[in-house]
Amino acid sequence: MITGTDLVKRGMAEMQKGGVIMDVVNAEQAKIAEEAGAVAVMALERVPSDIRAAGGVARMADPRIIEAVMGAVSIPVMAKGRIGHIVEARILEAMGVDYIDESEVLTPADEEYHLNKRDYTVPFVCGCRDLGEAARRIGEGASMLRTKGEPGTGNIVEAVRHIRKVNAQVRKVVGMNEDELMTEAKLLGAPYELLLEIKRLGRLPVVNFAAGGVATPADAALMMELGADGVFVGSGIFKSENPAKFARAIVEATTHFQDYKLIAELSKDLGTPMKGIEISSLAPEARMQDRGW
Amino acid sequence: MIRIGVLALQGAVREHMRSLEACGVEAVAIKRKEELNEVDGLILPGGESTAMRRLIDKYDFMETLKDFARVGKPMFGTCAGLILLAKELEGHSEPHIGVMDIKVERNSFGRQVDSFEADLAIKDVADSFPAVFIRAPHIVEAGENVEILSKHNDRIVAAREGQFLGCSFHPELTDNHRLTAYFVDMVKEAKAKHLV
């Protein structure tokens, strides 16, 4: 009997496919998310849009909040640690969190190195904007990926850019001759063996969710249409007027992402979604997606 | 041609379809209840049982699933699917589909850090089967007509009751298709009986 194997860590993410993972900041929100059909919750001190508004250094949440969320629901609980922060990750692992997000939403603790995620029994999810970044994270031991998008903006444009890019680059690798892959690995900054594996499988070896800017049921369905395995919703739900209704609508739109009549129905009278931010209005230092290397 | 459905509301649908295809049968992703009429057997995949249940209710699947069981068509639940099949759930007053005479406890091996791989002996299937347990449930009690197929550390992790097959682990995550093949045989037998 062995714990913490690739199969067990990656398999956990496979079970989340076709589902929605929701950001929550307390037990009450976690219950609303579970009741709405979320496949997991991400326990946070603040949702990304509030992190953005607050400024300063964003860190791992107070363990008390994470504990309260873990006690409130039976679905898996994820939590975010800072990029490269070995001890935050170890604390989350020791608490029994089901998945750790080594996340650019928090202020990085290390501007050169990500965590060696193979060292941990708990699985990790990491953000990516292209196949090079995705492959480096998998190389370090990430068991699940998500697009970075631009968190806390309610603007889907960056998540669309990232999922299209990753998938186009995967298709390119799959179509290449094996003797071209070493140069492609060099150009992407990706581990060569991983490109061989992607070519053999015809896809990424881990699940890839969409994240960073999903604000409506139609946004969630769009990301599924573009090939995401599932959706993370951060600020979108609990920053909307009617979170429970909104959460249910996002879950259904994700499951039935090609049933447009249904999405039309469940998009009715949802109230005002989060306001949203035009990406070009963000100062360079406010762009969370540029964190990570 | 044998056609087997995989309930495709959420979870490890692709892996089960791949495993069915490797066993030489047609795999059908079931998103709407009407599609259940077109298949001879059904796999309830791993995923999040609470999320699946919500979608089952939302799309009015429950009665159709119960009818599917009533006419004798085989059903195979893995992990969350096992929870959906059970007549009794530890700590809950109501079951989900509730057709297999077993009592199941959810997340009974602990949280994700306790998830594990183990080799199992499964009666009529394999002496050594690679089983992947992810936040897995287990069968606490089994009725008298339930045949216990496998145990891990004294806990029942695979069982069969006539047309129903259930396991705690994820046979779909490895390249060993023998448990899927066992279910395919159940479906073939049920279909042959129905035609006679």
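As the structure is a computational prediction, the values presented were derived from the model and not from experiment. Within every chain, numbering begins at 1; the chains are lettered A, B, ... in the order of the sequence lines, protein sequences first and strands thereafter.
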Most chain A-contacting option - heavy-atom pairs closer than 4.5 Å, from [options]:
options                         : answer
A51(B), A118(B), A131(B)        : A51(B)
R32(B), Q112(B), E172(B)        : Q112(B)
E48(B), R53(B), H152(B), E15(B) : E48(B)

Contact origin within [X] toward chain A - heavy atom pairs under 4.5 Å:
X       : answer
N153(B) : side chain
T174(B) : side chain
L55(B)  : side chain

inquiry  = Rounded to the nearest 0.5 Å, what separates atom CE in M12(A) from atom CG in L173(B)?
reply    = 12.5 Å
Does the side chain of [Y] come within less than 4.5 Å of [X]'s, by heavy atoms?
X       : Y       : value
K58(B)  : H256(A) : no
R135(B) : M15(A)  : no
T5(A)   : V132(B) : no
R111(B) : V77(A)  : yes

Checking [X] side chain against [Y] main chain: does a donor-acceptor pair fall under 3.5 Å?
X       : Y      : answer
K17(A)  : G47(B) : no
E117(B) : D6(A)  : no
R54(B)  : A36(A) : yes

Residue part contacting chain B, namely of [X], when any heavy atom lies under 4.5 Å:
X       : value
T254(A) : neither
E35(A)  : backbone
L262(A) : side chain

ask   = Taking all atoms of both residues into account, what is the closest heavy-atom pair of F116(B) and T3(A), and its distance?
value = CB-CG2, 4.0 Å
ask   = Looking at G19(A), S74(A), A40(A), which has the largest count of heavy-atom pairs under 4.5 Å with chain B?
value = S74(A)
remark   = Assert top hit (heavy-atom pairs under 4.5 Å, partner chain B, pool G37(A), G4(A), G18(A)) equals G37(A)
